[in-house]
A.B. asks: 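Just dropping this structure here.
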Amino acid sequence: MWYLILLAAVYIAVNFFLWHRVVRLLRHVHGFFGRKWVVIAFSIIYAFLMSSVALWMLFDDPAWVSALKFINNVWIGTFIYALIFVALAEAVTFFLWLFKKVRKGYACYRRFIVVRGTAVICLILCFSLYGVLHYQNTSISSYDIAVDKSSDNVDGLRIVLAADTHLGYSVGREMMEDMVALINSQEPDIVVFAGDIVDNDYYALTDADGIAETLAGIEARYGVYGVYGNHDVEEALVGGFTIPVGRDARVQPEVAEFMKKAGIEILEDESTLVAGDITLIGRVDASKPNSDEGRKPIEELMEGVDRSRPVICIDHQPEGLEEAAAAGVDIDLSGHTHDGQIFPGNLVLKLVWDNPYGMLKVGDMYSIVTSGVGVWGPAMRVGTDSEIAVIDVSFDGAAVN
């Protein structure tokens with residue numbers, strides 16, 4: 001609880017700093033903007049946006065909660081870019097001050113403040129607006145791989161990998177309709193969902209039955225499979241971050257029923273056969289396993305599996321890649337990372353994950369990580385794309401039919 005109090009104090013302090021900088025800019029731009037009523041009006045708007053991270057808690061009406069949560073998701077992204085660009089502006093100002101180029105009292109000081117502030121605000125608005133519009137467009141990433149094993153029934157598979165739809169306040173039926181149309185246009189043999197299908201709360205889906213009906217329209221020769229991710233469990237969130245409330249993180253029964261209606265067969269540390277002799281393993285999430293038992297080691301899941309035939313593993317988070325490769329997995333399909341979602345997150349991820357995005361060869365195994373379809377936290381994508389991954393796999397060097 002103490003860390004929440006500390007986090008709230010830091011959040012309020014940083015917002016006060018940002019508010020003060022904007023008010024100072026308004027007063028430098030023109031005397032009109034420095035008038036008391038203008039400052040008060042701006043302060044009310046800013047206070048509303050700042051408090052949107054928790055304001056939704058005051059409402060029971062789903063429509064109000066949904067609207068406020070979406071505003072909050074946009075605000076979080078805008079707030080992040082405000083921090084980034086204000087910090088850069090302050091750094092530039094410091095160096096100019098250090099070399100006596102700009103100081104209070106200089107003739108150019110007021111003009112510098114206005115130009116600096118205007119540039120920062122334009123950058124914040126441009127990045128944020130682009131991010132909000134861009135995340136709603138789903139693209140395709142394509143991969144061609146060859147597995148040195150054979151199947152008696154097929155020469156290859158076309159796999160469509162989707163992940164991190166985060167159905168809820170930022171992603172709804174319209175995006176799913178676009179995604180399903182895109183998936184079906186690829187004529188896949190199999191479709192897999194690598195976790196985080198919903199965004200922590202089934203009741204955030206404003207049209208759950210409609211979304212399920214849309215997803216049930218996916219056409220795949222050998223079926224649609226999935227695993228749960230760390231956001232498929234029910235948890236309380238503020239600003240996209242988990243708030244401990246003394247309950248176990250479990251998948252809601254309504255979510256499990258939703259998956260059935262959507263035609264997605266969830267594998268929880270289970271395996272099934274695709275095309276007769278290709279093993280598909282679905283793992284429970286590493287951090288939120290949806291049970292007290294945790295998740296089984298990959299070696300245990302591989303017991304009884306014919307390793308001379310292709311083995312595909314769905315694992316929400318791209319971790320334990322070397323263990324999976326050593327156990328005989330040929331293709332490991334993941335999501336979770338969002339490729340950082342908003343710049344510069346996509347640069348930082350390279351310091352955290354062996355394969356933050358794209359394809360990586362680990363021993364004889366291919367690890368493929370998608371940036372996902374939806375968004376978590378900020379309702380934005382900057383420097384990354386909402387996507388599905390289309391993977392054409394040939395077995396034993398044979399061409400895909």
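Hydrogens, waters and symmetry mates are skipped; everything else that's a heavy atom, side chains included, is used. What you see is a predicted model; the values in this text were computed from it and never measured.
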A.B. asks: What's the spacing between I159 CD1 and I145 CD1 if we round to 0.5 Å?
C.D. replies: 6.5 Å
A.B. asks: How long is the gap from CZ on R103 to CG on L96, to the nearest 0.5 Å?
C.D. replies: 11.0 Å
A.B. asks: How about CD on E299, more than 12 heavy atoms from neighbouring residues, nucleotides or ligands closer than 6.0 Å, or not?
C.D. replies: yes
A.B. asks: Closer than 3.5 angstrom, by distance alone: can the side chain of H28 be matched with the main-chain N or O of V114 as a donor-acceptor pair?
C.D. replies: no
A.B. asks: Might you point out which heavy atoms bring V171 and G374 nearest each other, and give the distance in Å?
C.D. replies: CG2-CA, 3.9 Å
A.B. asks: So among V284, V233, N230, which one has a side-chain contact (heavy atoms from CB on, under 4.5 Å) with P289?
C.D. replies: V284
A.B. asks: Can you confirm whether more than 12 heavy atoms, excluding those of E90, are under 6.0 Å from its CD atom?
C.D. replies: yes
A.B. asks: Take the angle between the ring planes of H336 and W353 and call it parallel below 30°, perpendicular above 60°, tilted in between.
C.D. replies: perpendicular
A.B. asks: Under the criterion side-chain contact (heavy atoms from CB on, under 4.5 Å), which of T206, L205, I71 is the partner of S66?
C.D. replies: T206
A.B. asks: Going by the salt bridge (charged side-chain N to carboxylate O under 4.0 Å, His left out) test, which pairs reach into residues 324-351, not counting sequence neighbours?
C.D. replies: K149-D330
A.B. asks: Strictly by side-chain hydrogen bond (donor to acceptor under 3.5 Å, both in side chains), give each pair with a member in residues 265-275 just once, sequence neighbours left out.
C.D. replies: E268-N290
A.B. asks: Take a 6.0 Å sphere around CG of D60 and say whether it holds more than 12 heavy atoms from other residues, nucleotides or ligands.
C.D. replies: no
A.B. asks: Which of these passes side-chain hydrogen bond (donor to acceptor under 3.5 Å, both in side chains) with H231: D285, N200, D196?
C.D. replies: N200
A.B. asks: For D306, look at atom CG and say whether over 12 heavy atoms of other residues, nucleotides or ligands are found less than 6.0 Å away.
C.D. replies: yes
A.B. asks: One pair to check against side chain to side chain contact (heavy atoms under 4.5 Å, CB included): F17 and V86. What are the steps and the verdict?
C.D. replies: CA-CA 10 Å; F17 173 78; V86 168; 3.7 Å; yes
A.B. asks: Please tell me if the side chains of I278 and V154 come closer than 4.5 Å, counting only heavy atoms from C-beta onward.
C.D. replies: yes
A.B. asks: In plain terms, say whether K261 and D209 are close enough for a salt bridge, that is, a side-chain N and a carboxylate O under 4.0 Å apart.
C.D. replies: yes
A.B. asks: Could you tell me which residues satisfy side-chain hydrogen bond (donor to acceptor under 3.5 Å, both in side chains) with E303, sequence neighbours excluded, listed by chain and number?
C.D. replies: none
A.B. asks: If you take all heavy atoms of M176 and T165, which pair is closest and at what distance?
C.D. replies: CE-CG2, 3.9 Å
A.B. asks: For the pair D232 and K288, find out whether any cationic side-chain nitrogen is under 4.0 Å from an anionic carboxylate oxygen.
C.D. replies: no
A.B. asks: Say you draw a straight line from CD1 of I391 to CD of Q186; how long is it, rounded to the nearest 0.5 Å?
C.D. replies: 11.5 Å
